[in-house]
Amino acid sequence: MTSSSDPTAALLDAVTVTARRLAGDDGVSPALDPSPRPEMGDYSTNAAMMLAKPLGRPPREIAAELATSIEEELGDALEKTEIAGPGFINLFLGDAWYREAAAAMASTGAAAVPPVPESERIIVEFVSANPTGPLTAASGRHAAYGDSLSRILRAAGNAITTEYYVNDGGTQVENFAASIAARMTGDEPPEDGYKGTYVNELAERAKAEGHEPADLERLARTGVAWMVEGIRGSLENFGVEMDDFFSERSLYEDNLVDRGIERMREAGHVFDDDGAVWLRTTDFGDDKDRVLIRSSGEVTYFGADVAYHVDKIERGHDRLIDVLGADHHGYVPRMAAAMEALEGGKAEFEAQIMQLIHLVEGGQRTKMSKRAGDIVTLDELTEDIGADAARWFLLQRSHNQTIDLDLDLARSQSSENPVYYVQYAHARIQSILRKAAEEGGEADGDILAAPADPSEKALVSKLLEFPGQVHEAAEKRAPHRICAYASETAAAFHAFYRDCQVVGAEGEGVEAARIQLCGVTAETIRQSLALLGISAPDRM
RNA sequence: GCCCCCGUAGCUCAGCUGGAUAGAGCGCCGGCCUUCUAAGCCGGAUGUCGCAGGUUCGAAUCCUGCCGGGGGUGCCA
């Protein structure tokens, strides 16, 4: 993880080494964080407080001892140390340290992220909305989250596949076909059918292409194909990279369901009762056993889904991440149990539960029911406020949190959307770099010797956080942290912009150093936005 | 009944594998464009971190109980 070329890692190494030496314990891992306030130095560590208990000595006393060792370890890079509060050691760094740090980022690639020590092959399944209607704004939240999470996990060094499970079998597809048929003949859809206006459009198209209302089988297949086509388009417009669409029906055609159930039967976890075939998920922590094949002979959704997950494992994935809606959380224990029953922990199953999103319009929450047709679609949302803004709104909060998205606000104040704040910083930098290129030729001098303004140091410090932020977002499955980081980075740049002239700056090496810093900042912002699936415009 | 999410500023929410004076955006009040993009910057006001105990040198953060809001709990998908 750490490398000597990473400036903050070098600081942390020095702190860790001295702390371990004093404690005689290789397990001690002190933290090094940017100081909360300038008077508290540049970085601070809690090392002394962590050692207080094992050593049985007052933290400030330990801190004094550690500080001396740290100063010896770091030499000239360090201006001074101070002991503060309950026992924090604050490190004060010189301008040269920041110039070297910026230069290191410029040479290794600003946004270089060291890979996780144990890289995994991960398949992320998300959206997987029924192909009986267009994607809703709620699906959009799943799409934004799953896509961004995948990008972040990939950036952290994992091998990622993204997949959409198409539920093209089952009763809801029959209802769907019946609804189209009804509209073709001018009737109302059945009670539990689909009533959205898009069904009328499908009915028109079916008629135009010579479908018979009586041929429900064919209507179902074609209708689903049309919807999947539309869903692919919606995701594409939304900037989602979906590697595969996996058909539920193909499970039957490839005989994967029978095979999966057979394997579970061999493992001794399947039993027959009341004419149905059950999986004894209670052996693995579920609160009741689950039906795989109904007494009618039909395979349940669960039965098919288990077979699908088995297939994911057989394709060689170490970890299966399912992004599921809050209404599916009760489903998690049984799938986890099934995976345990079958594979005995060969692969990790992990569910990420999305909480609800409420769209607020005219001060009222809109109900979203696909069957009633009372929906705001993802396409409408994308068209309303743009894919970039939509993705930002959907990603900026934890996926684990119910959110209100005020559509009126998103529309009317789109120019004040936080995403523009970040994009604007990027565009501003590009403008500076264009001007620097036009007036080029004078940007030389010793960059490392150039003095650094406080807002330059703050910006460098923020940029240095990028790899750690990516790893933290990956570990916590939390894209919203990247939103926060991108905003902070933009703010640090805007402050720098206020304080520091770049092109034509006075002083030995200062202009060159600042141009370099601008380049590193632009790259970091661009990469951050890329992790969110948001564009980084050069002009606004 | 059982399970999951949530309760932090007027609003929407970060922070929650414990650390210094609890943050951001929006909204509100007041300033800043002859200078690389004012979609920006600076200053100001606003908090019983739901309540009560416990653990700790230290709790918004961890533990227990309670209150309040939302969701789930099918031989549906």
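Reminder, nothing fancy here: chain letters follow the sequence lines and each chain counts from 1. Just so you know, these numbers use all the heavy atoms, side chains as well, and skip hydrogens, waters and symmetry mates.
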- Message: Just by distance, no angles: are the side chains of Arg428(A) and His494(A) close enough, under 3.5 Å, to form a donor-acceptor pair?
- Response: yes
- Using distance alone, with no hydrogens and no angle criterion, decide if Gln172(A) and Asn167(A) have a side-chain donor and acceptor under 3.5 Å apart. no
Using only modelled atom types and a 3.5 angstrom limit, is any donor from either the side chain of [X] or the base of [N] paired with an acceptor on the other?
X	N	answer
Asp327(A)	A77(B)	no
Ser295(A)	C75(B)	yes
His329(A)	C5(B)	no
Ser44(A)	A20(B)	yes

- Query: Less than 4.0 Å between a side-chain N and a carboxylate O, is that true for Arg434(A) and Glu438(A)?
  - Reply: no
- Query: When you check the glycosidic angle of C32(B), does it come out syn, meaning within 90° of 0, or anti?
  - Reply: anti
- Message: Once you measure the plane-to-plane angle for Tyr331(A) and Phe302(A), does it fall in the parallel (<30°), tilted (30-60°) or perpendicular (>60°) bin?
- Response: perpendicular
- Query: Which of these nucleotides, C75(B), U56(B), C36(B), is closest to any side-chain atom of Lys53(A)?
  - Reply: U56(B)
- Message: Closest approach to the side chain of Pro36(A), judged atom by atom: which nucleotide of A20(B), A77(B), A39(B) is it?
- Response: A20(B)
Under 4.0 Å: is that the gap between some side-chain N or O of [X] and OP1 or OP2 of [N]?
X	N	result
His480(A)	G15(B)	yes
Arg57(A)	C57(B)	no
Arg428(A)	A38(B)	yes
Arg498(A)	C42(B)	yes

- Query: For C62(B), which nucleotide in any strand shown is its Watson-Crick or wobble partner with both distances under 3.5 Å?
  - Reply: G54(B)
- Message: My understanding is that a pair needs two contacts under 3.5 Å, Watson-Crick or G-U wobble. By that rule, which nucleotide pairs with C13(B)?
- Response: G23(B)
- Scan Tyr424(A) against the nucleic acid and name what it touches under 4.0 Å (heavy atoms): base, sugar-phosphate only, or nothing. base
- What about the rings of Phe496(A) and Phe493(A), do their centers lie closer together than 6.0 Å? yes
- Has Phe88(A) got its ring stacked on A20(B), by the test of a centre gap below 5.5 Å and a plane angle below 30°? yes
